[in-house]
Amino acid sequence: MKKRKGQCLCGNVRYEVAGKPTFPHLCSCRMCQLWSGAPSVAWVEFPIDQIEWTGPAGEPAFYQSSEKTQRGFCRNCGSTICAIDEGYDKISLTMTSLEAPSAIVPGKQHSFAREAPSWWSVAVKRQPTTRM
Ligand SMILES: [Zn+2]
Ligand SMILES: [Zn+2]
């Protein structure tokens, strides 16, 4: 099965993930903005049992951002890596932490688009660069 790699800025948190990527989408909710420092976060889900933490830090540190959601980040450099919802069999990875951030293209879903800063607009190029 195809394995994809990803990492944080400093490289202490690294992962390999297999399985089918699902629900690639953008989110501009205020929590994603504050967590990432960016106007939108691009997310993609993988089966949670397919993630392997391969860097020296092991798994990322987690911040409980809401009752059911934990957001994973690198304790050393602060990179935003993933989110895990309690009781859900998927892990959401930040698409930009992937080694090949162009390989998966966000779908039409832009969650909380109206919470994005008013100066921000997103134009996702949907030419067939997708290599699922
Ligand atoms: Zn790091
Ligand atoms: Zn969000």
Side-chain angles (χ1 to χ4, degrees):
M1 196 184 286
K2 181 181 169 68
K3 281 202 174 180
R4 298 166 194 271
K5 292 180 178 178
Q7 66 166 88
C8 68
L9 178 60
C10 76
N12 276 4
V13 175
R14 293 176 186 274
Y15 61 80
E16 290 186 15
V17 68
K20 186 177 155 55
T22 49
F23 193 39
H25 72 284
L26 297 165
C27 184
S28 294
C29 77
R30 280 295 287 153
M31 284 205 290
C32 281
Q33 290 179 39
L34 291 166
W35 177 64
S36 67
S40 304
V41 172
W43 293 107
V44 62
E45 298 179 350
F46 286 89
I48 198 163
D49 59 3
Q50 295 297 314
I51 187 100
E52 195 183 336
W53 302 107
T54 55
E59 63 170 43
F62 283 95
Y63 172 70
Q64 186 94 34
S65 62
S66 62
E67 198 183 327
K68 288 192 169 173
T69 304
Q70 296 187 78
R71 292 172 183 254
F73 61 97
C74 173
R75 197 181 292 285
N76 187 48
C77 71
S79 285
T80 50
I81 303 290
C82 67
I84 296 174
D85 287 342
E86 191 187 307
Y88 190 41
D89 61 357
K90 303 273 173 61
I91 183 170
S92 298
L93 295 172
T94 52
M95 285 171 60
T96 46
S97 68
L98 286 160
E99 193 176 70
S102 301
I104 302 168
V105 179
K108 286 197 173 77
Q109 174 77 30
H110 184 172
S111 303
F112 299 95
R114 267 180 274 160
E115 291 189 21
S118 58
W119 44 260
W120 180 247
S121 75
V122 177
V124 177
K125 286 196 274 177
R126 294 185 206 286
Q127 76 265 40
T129 53
T130 309
R131 296 184 298 274
M132 305 280 271

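Worth saying up front: this structure is predicted, and the values here are computed from it rather than measured.
Counting only heavy atoms from C-beta outward, the side chains of Asp89 and Asp49 never approach each other to under 4.5 Å. Looking at heavy atoms from C-beta onward, Thr22 lies out of side-chain contact with Val44 at the 4.5 angstrom threshold. Looking at Pro117 and Gln33, their side chains come closer than 4.5 Å, going by heavy atoms from C-beta outward.
Rounded to the nearest 0.5 Å, atoms CD (Glu86) and CD (Glu67) are 7.5 Å apart. Annotation: the span from Ser121 atom OG to His110 atom NE2 amounts to 10.0 Å, rounded to 0.5 Å. Taken to the nearest 0.5 Å, the CD1 atom of Ile84 stands 15.5 Å off from the NZ atom of Lys68.
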**OP:** Please report the C-alpha distance between Ile48 and Lys90 in whole Å, then the side-chain angles of each, then the deciding distance to 0.1 Å, and finally whether the side chain to side chain contact (heavy atoms under 4.5 Å, CB included) criterion is met.
**Re:** CA-CA 5 Å; Ile48 198 163; Lys90 303 273 173 61; 5.7 Å; no
Subject >> Audit row: Cys82, Gln70, side chain to side chain contact (heavy atoms under 4.5 Å, CB included) steps and yes/no >> reply: CA-CA 8 Å; Cys82 67; Gln70 296 187 78; over 6 Å; no
**OP:** List the steps and the verdict of side chain to side chain contact (heavy atoms under 4.5 Å, CB included) for Phe46 and Leu93.
**Re:** CA-CA 8 Å; Phe46 286 89; Leu93 295 172; 3.7 Å; yes
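Put simply, the residue from Gln7, Arg4, Lys5 that forms a side-chain contact (heavy atoms from CB on, under 4.5 Å) with Glu99 is Lys5.
Screening residues 76-85 for side-chain hydrogen bond (donor to acceptor under 3.5 Å, both in side chains), with sequence neighbours left out, gives Thr69-Asp85.
Of all heavy-atom pairs between Thr94 and Tyr15, the closest is O-OH, 4.1 Å. Nearest heavy atom pair, residue Trp43 against residue Cys32, reads NE1-SG, 3.5 Å. Residues Trp120 and Ser40 come closest through the heavy atom pair NE1-OG, 2.8 Å. The two residues Pro106 and Val124 make their nearest non-hydrogen contact at O-CG1, 3.8 Å. Contact record, Gln50 with Ala18: CB-O, 3.1 Å, taken as the closest heavy-atom pair. Taking every heavy atom of both residues into account, Cys74 and Ile81 meet most closely at N-CG1, 4.4 Å.
Remark: Phe112 pairs with Cys27, Cys29, Glu115 by the side chain to side chain contact (heavy atoms under 4.5 Å, CB included) rule, at least two apart or across chains. Partners of Pro56 according to the side chain to side chain contact (heavy atoms under 4.5 Å, CB included) rule, which considers only residues two or more places apart in sequence or in another chain, are Asn12. Residues meeting the side chain to side chain donor-acceptor pair (under 3.5 Å) test with Ser92, sequence neighbours left out: none. With sequence neighbours left out, Lys3 forms a salt bridge (charged side-chain N to carboxylate O under 4.0 Å, His left out) with Glu16, Glu52. For Tyr63, the ring pair (Phe, Tyr, Trp, His ring centres under 6.0 Å) criterion is met by no residue, not counting sequence neighbours.
Under a hydrophobic-cluster definition in which Ile, Leu, Val, Met, Phe, Trp and Tyr are linked whenever side-chain heavy atoms come within less than 4.5 Å, directly or via other members, Met95 and Val13 are assigned to the same cluster. Cluster membership check: Ile104 shares its hydrophobic cluster with Ile51, using side-chain heavy-atom separations under 4.5 Å among Ile, Leu, Val, Met, Phe, Trp and Tyr. Using a 4.5 Å cut-off between side-chain heavy atoms of Ile, Leu, Val, Met, Phe, Trp and Tyr, with links allowed through other members, Ile91 and Trp35 fall into different hydrophobic clusters. Hydrophobic clustering keeps Trp53 apart from Phe73 (ILVMFWY residues linked when any side-chain heavy atoms are closer than 4.5 Å, directly or through intermediates). Two different hydrophobic clusters hold Leu34 and Trp119 under the rule that ILVMFWY side chains link at heavy-atom gaps under 4.5 Å.
Looking only at atom types and distance, the side chain of Gln109 has a donor-acceptor partner in the side chain of Ser111 under 3.5 Å away. One side chain, Arg71 or Ser65, offers a donor N or O that lies under 3.5 Å from an acceptor on the other.
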